[in-house]
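Remember, it's a predicted structure, so these values are computed and weren't measured experimentally.
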Amino acid sequence: MERRTIGAAALAVGAVGLGCMPMSWAYSASLQRGDESLRAVHRALDLGSSLLDTADMYGPFTNELLVGRALKKRRSDAFVSTKVGLLVGDQHIVANGRPGYVKRACDASLRRLQTDVIDLYQLHRADPEVPVEETWGAMAELVQAGKVRALGLCAVGARAGRRSGARLHDATIRQLERVQQVFPVSAVEAELSVWSPEALETLLPWCRTRGVGFLAAMPLGNGFLTGRLRPGAGFEADDIRARHPRFTAEMMAGNQPIVAGLRRVARRHGAHVTPAQVALAWVLAQGPHVVPLPGTKQERWVTENAAAATLRLMPEDLREVAELPPAQGSWD
């Protein structure tokens, strides 16, 4: 698989990564099977999808444990990204950016992942009660201690920005400007997909001009852009899409023209090409510093997603995708 670089340290990863969250968090617990997910991780590594994206809060903790089972024998094949800064409680999530906690959390992640070093350690969310520079400084000390190779930041929630009329990623860029004064940012993780292209406005250019890698979360629109979800089919109660405004039957039906457009482009490239592969190829086309992180827990989808790295969209394909109608239904 094509290799791409993350950050000034030129950390090399496969062009398409693997989002591990669905294996143990947020999506239909009844469909989560550890052995099947483990096979999916191994398949990704076999195909060169080396970037494995997890977090201590997924599960919580069980996602790192699962990834650790794969890393035990294949550490040299993988680029491990995990996150710190969020704690899962009973029906709520809270931020914790205290330096002492960050260091303890890193040690715990290393044990669960069965590794001596984390390739990319990301701040999941800044703690509003702790200056982000203090949290980032503690993370930088982990790099100096040899426990972490590089640091990344996940984009903050966009709701406050929308209420104030600010651009979607203004708050994230302000945080990035602050932490860059403490220690270099190697990567930013934020949502980017055909139906959520907002990062193209300011966040992606910010990364491009500074040599910062961009990890595209939810590049398949939580599964919608695969074309395999049927409007009105419903979701299990523990699935995040069951409460998501874009996944009501009405909104899913209203957004079908987006999937239809991806299918049209796919057909031009051959009967074997899927809408999901076109959606991932579109993300890859946004710059050589962009790495999509499609989430899945099944080998067959890992294989399909990895193949998108070889799909080259033509200018007319990109124009057609750009002209698709905007998605209906707010993320918030």
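- Using the six-membered ring where Trp is involved, Phe247 and Trp195 have ring planes that are perpendicular, over 60° apart on the 30 and 60° scheme.
- Although no hydrogens or angles enter the test, the distance criterion places a donor-acceptor pair under 3.5 Å between the side chain of Asn63 and the main chain of Cys20.
- At a threshold of 4.5 Å between side-chain heavy atoms, the hydrophobic network of Ile, Leu, Val, Met, Phe, Trp and Tyr places Val84 and Val182 in one connected group.
- Taking the side chain as every heavy atom from C-beta outward, Arg264 and Leu324 approach each other to under 4.5 Å.
- A donor-acceptor contact closer than 3.5 angstrom is absent between the side chains of Asp56 and Ser109.
- At a threshold of 4.5 Å between non-hydrogen side-chain atoms, the residues Val67 and Thr82 do not count as touching.
- Annotation: side chain of Glu141 is in contact with side chain of Lys103 (closest heavy-atom distance under 4.5 Å).
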For Asn305 and Leu47, what are the C-alpha separation, side-chain angles and deciding distance, and is it a side chain to side chain contact (heavy atoms under 4.5 Å, CB included)? CA-CA 10 Å; Asn305 294 340; Leu47 295 170; over 6 Å; no
What do the steps show when you test Leu311 against Val278 for side chain to side chain contact (heavy atoms under 4.5 Å, CB included), and what is the final call? CA-CA 8 Å; Leu311 177 61; Val278 173; 4.1 Å; yes
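- For the side chain to side chain donor-acceptor pair (under 3.5 Å) criterion with Tyr27, the lone passing option out of Asp239, Thr296, Asp238, Asn222 is Asn222.
- Side-chain heavy atoms closer than 4.5 Å link hydrophobic residues (I, L, V, M, F, W, Y) into clusters, and following such links, possibly through other members, connects Val290 to Leu52.
- At least one donor-acceptor pair under 3.5 Å links the side chain of Ser49 to the backbone N or O of Val16.
- Atom CG in Leu66 sits 5.5 Å away from atom OG in Ser37 (nearest 0.5 Å).
- Residue Ala40 comes nearest to Val302 through the heavy atom pair O-CG2, 3.8 Å, listed as atom of the first residue, atom of the second, then distance.
- The residues Glu304 and Arg228 are annotated as salt-bridged, a charged nitrogen and a carboxylate oxygen being separated by less than 4.0 angstrom.
- Between the side chain of Arg75 and the backbone N or O of Thr115, no donor-acceptor pair lies under 3.5 Å.
- Within a 6.0 Å radius of CD in Glu177, other residues, nucleotides and ligands contribute more than 12 heavy atoms.
- Here the closest non-hydrogen pair linking Ala15 and Pro292 is O-CD, 3.1 Å.
- Heavy atoms only, all atoms of each residue included: Ala95 and Pro128 are closest at CB-CD, 4.2 Å.
- Shown here for Glu191 and Ser196, the closest heavy-atom pair between the two residues is OE2-OG, 3.1 Å.
- Contact check on Asp46 versus Arg39 returns no salt bridge, with no Lys/Arg side-chain nitrogen under 4.0 Å from an Asp/Glu carboxylate oxygen.
- Side-chain contact between Leu38 and Met23 is absent, with no heavy atoms from C-beta onward closer than 4.5 Å.
- Counting non-hydrogen atoms of neighbouring residues, nucleotides and ligands closer than 6.0 angstrom, the CZ atom of Arg243 exceeds 12 such neighbours.
- Taking CG from Leu153 and CE from Met139, the interatomic distance works out to 8.0 Å, rounded to the nearest 0.5 Å.
- Within the 4.5 Å cutoff, side-chain heavy atoms of Leu284 are placed close to those of Arg4.
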Test side chain to side chain contact (heavy atoms under 4.5 Å, CB included) applied to Glu189 and Lys83, step by step: CA-CA 11 Å; Glu189 183 169 334; Lys83 308 177 188 74; 3.5 Å; yes
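- Distance alone, capped at 3.5 Å, places no donor-acceptor pair between the Trp25 side chain and the Met57 backbone.
- Between Asp317 and Arg312 there is no salt bridge, since none of the side-chain N atoms of the basic residue sits less than 4.0 Å from a carboxylate O of the acidic one.
- In the hydrophobic cluster analysis, where Ile, Leu, Val, Met, Phe, Trp and Tyr join through side-chain heavy atoms closer than 4.5 angstrom, Leu18 is grouped together with Leu192.
- Side-chain heavy atoms closer than 4.5 Å link hydrophobic residues (I, L, V, M, F, W, Y) into clusters, and following such links, possibly through other members, connects Phe183 to Val148.
- Each of Val132, Leu86, Leu151 was evaluated against Leu123; a single residue qualifies, Val132, per the side-chain contact (heavy atoms from CB on, under 4.5 Å) test.
- At distances below 3.5 Å, at least one donor-acceptor pair connects side-chain atoms of Gln277 with backbone N or O atoms of Thr274.
- Shortest non-hydrogen contact noted between Asp127 and Asn96 is OD2-CA, 3.4 Å.
- Side-chain N or O atoms of Asp53 include none that pairs as donor or acceptor with a backbone N or O of Gly19 at under 3.5 Å.
- Put simply, the side chain of Arg125 gets close to the backbone of Ala155: a donor and an acceptor are under 3.5 Å apart.
- The shortest side-chain heavy-atom distance between Ser193 and Leu225 falls under the 4.5 Å cut-off.
- Here CD1 of Ile6 is found 11.0 Å from SG of Cys207. Values are rounded to the nearest 0.5 Å.
- No side-chain heavy atom of Lys147 sits under 4.5 Å from any side-chain heavy atom of Tyr121.
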Does the pair Glu320 and Glu316 meet the rule for a side chain to side chain contact (heavy atoms under 4.5 Å, CB included), with working shown? CA-CA 6 Å; Glu320 182 165 350; Glu316 57 268 30; over 6 Å; no
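- A donor-acceptor pair is defined here as one N or O able to donate and one able to accept, closer than 3.5 Å; such a pair exists between the side chain of Arg263 and the backbone of Gly227.
- Between the side chain of Gln114 and the backbone N or O of Leu110, no donor-acceptor pair lies under 3.5 Å.
- Of all the heavy atoms in Gly17 and Leu293, the pair that sits closest is CA-CD2, 3.9 Å.
- If you take CG on Leu262 and CH2 on Trp282, they are separated by 10.0 Å, rounding to the nearest 0.5 Å.
- Shown are Ile258, Thr248, Asn255; of these, the side-chain contact (heavy atoms from CB on, under 4.5 Å) with Gln328 is made only by Asn255.
- In this structure, Arg3 has no salt bridge (Lys or Arg N to Asp or Glu O under 4.0 Å) partners at least two apart in sequence or on a different chain.
- With rounding to the nearest 0.5 Å, the separation of CD in Glu133 from CD in Gln175 is 9.5 Å.
- With rounding to the nearest 0.5 angstrom, the CZ atom of Phe79 is 8.0 Å from the OG atom of Ser50.
- Arg210 has its side chain out of reach of Leu176: every pair of non-hydrogen atoms, C-beta onward, lies at least 4.5 Å apart.
- Linking Ile, Leu, Val, Met, Phe, Trp and Tyr whenever their side-chain heavy atoms come within less than 4.5 Å leaves Val291 and Ile118 in two separate clusters.
- Leu280 belongs to a hydrophobic cluster whose other members, connected by ILVMFWY side-chain contacts under 4.5 Å either directly or through intermediates, are Leu220.
- The closest donor-acceptor contact from the side chain of Glu36 to the backbone of Gln298 lies at 3.5 Å or more, if one exists at all.
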